[in-house]
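Both ligands and their constituent atoms are indexed starting at 1 by order of listing.
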Amino acid sequence: MTISPILPVYRRTNITMIRGEGCYLFDNAGKKYLDFATGIAVNALGHGHPHVVSALQSQAENLWHCSNMYKHPQLEKFAQRLVETTFADSVFFCSSGTEAVEAAIKFARRYHYRNGHSKKYRLITFEGGFHGRSFAALSAGGNAKAREGYAPLLDGFDHAIFNDIASVKQRLTPETAGILLEPIQGEGGIVVADDAWLIQLRELCNELGILLICDEVQCGMGRSGNLFAFEHAGITPDIVTVAKGIGNGFPLAATLVSERIAKCMTPGSHGSTYGANPLAMAVGNAVLDVMLEPQFLLNVRQMGGFLKEKLEVLVSQFPHIIAEIRGRGLMLGVVLKEASPVDHYTLAEKLCANGLLTAPAVEGRVIRILPPLIVDKNHVTEAVSLFSQTLGTYE
Ligand SMILES: *Cc1c(COP(=O)(O)O)cnc(C)c1O
């Protein structure tokens with residue numbers, strides 16, 4: 001076997017994708033796939049959304065890059081809109097989820113440092129959590145396989161059990177700076193944080209003067225049926241990371257912060273060459289135009305409800321394969337039984353061969369269903385029927 005020119009770090013299929021249109025992808029043989037994976041919750045508006053395409057095209061004709069030494073109309077507009085529509089008072093732009101998380105971790109340390117508590121540097125993070133692949137993000141994450149061979153990792157992360165307040169309290173020390181979590185764990189297999197637990201975490205942070213950081217890279221930007229998944233619990237975090245859906249496929253990410261965090265940052269204290277790139281800002285504005293339309297989130301909730309209902313019928317039809325359906329909005333997980341005749345990777349491959357793209361989770365026996373947020377009833381019905389046909393081959 002010869003080594004591939006592309007570093008073999010992905011489980012890549014042999015399918016060559018060449019075109020996307022709306023909720024569908026097309027391969028080089030002309031075969032059509034219903035895309036309920038969206039490149040892992042990225043193409044929130046589907047493929048080739050005309051408004052986003054034209055925003056990128058016209059920006060490409062004007063200015064690609066000018067660095068953060070200058071103002072730019074798309075940047076000012078995008079930051080202003082994010083501040084107006086979210087809890088945030090200030091925004092840092094970068095190009096990937098990992099970078100947004102890295103920034104969040106640095107900002108948390110910097111906040112305590114500037115407030116005279118430089119000994120507060122540790123974060124409580126969670127088993128099953130995923131925050132990216134940099135050293136800080138890996139150290140924060142809870143997946144052993146992703147960390148294999150990279151020791152020593154960074155100090156400063158204490159892993160607690162998700163949805164378990166006692167476990168969080170056990171890991172508190174005078175050095176704890178904050179709590180970092182995904183309101184819905186994505187790679188960890190669509191595990192939803194209990195609303196009551198999030199409220200307890202917020203109260204704990206208030207009591208101790210520490211920060212609540214939500215990693216909404218996967219579950220944010222409308223995917224859960226609210227703009228952010230933490231909103232379901234009615235809480236307000238101090239720092240929130242977003243990426244994936246906000247760029248719809250263009251490398252764009254952001255770290256949103258409240259005023260007391262923003263006040264601790266000064267010129268030179270953080271940065272990114274590509275961050276706030278005019279192309280990315282133009283795309284971000286175009287994505288927001290669509291997401292902030294009044295019916296957008298309503299569609300996510302309605303289609304999410306409809307999809308969950310239909311998938312639950314599959315649980316009763318194939319009780320030997322499926323254990324349960326979980327998740328929120330259009331971020332759903334089909335959990336396979338321990339004794340299922342097929343594992344989740346093989347099932348996802350079969351679904352793909354039958355024309356339905358899904359995203360197997362890293363942990364648990366879970367197939368993630370992450371459709372474009374613009375799906376309609378016909379797409380949902382088509383997806384569930386492809387799922388049902390595929391499951392039928394394992395009777
Ligand atoms: C995907 C993901 C990341 C990492 O984002 P990249 O863009 O791959 O760097 C971080 N956090 C969560 C919750 C994610 O799902």
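- Nearest protein heavy-atom neighbour of atom 11 (N) of ligand 1: D215 OD2, 2.8 Å.
- Contact atoms of ligand 1 toward E182: 13 (C) (distance under 4.0 Å to a heavy atom of the residue).
- With hydrogens and angles left out, the side-chain atoms of E61 and Q57 include no donor and acceptor closer than 3.5 Å.
- The shortest contact between atom 5 (O) of ligand 1 and any protein heavy atom is with G97 CA, 3.2 Å.
- Using a 4.0 Å cut-off between charged side-chain N and carboxylate O, R81 and D289 make a salt bridge.
- Using a 3.5 Å distance cut-off with no hydrogens or angles, the side chains of R202 and N206 do pair a donor with an acceptor.
- Contact atoms of ligand 1 toward S96: 7 (O), 9 (O) (distance under 4.0 Å to a heavy atom of the residue).
- For the residue pair R110/T266, the side-chain donor-acceptor check at 3.5 Å is satisfied.
- A salt bridge links R368 to E187: at least one charged side-chain nitrogen sits closer than 4.0 Å to a carboxylate oxygen.
- Remark: ligand 1 and E187 share no N or O pair separated by less than 3.5 Å (distance only, no angle test).
- Taking the six-membered ring where the residue is Trp, F93 and F78 present parallel rings, their angle staying beneath 30° rather than reaching 60°.
- What sits closest to atom 14 (C) of ligand 1 on the protein, heavy atoms only, is K244 NZ, 2.9 Å.
- The H131 neighbourhood of ligand 1 comprises atoms 10 (C), 11 (N), with distances under 4.0 Å to a heavy atom of that residue.
- Using a 4.0 Å cut-off to heavy atoms of T98, the atoms of ligand 1 that qualify are 4 (C), 5 (O), 6 (P), 9 (O).
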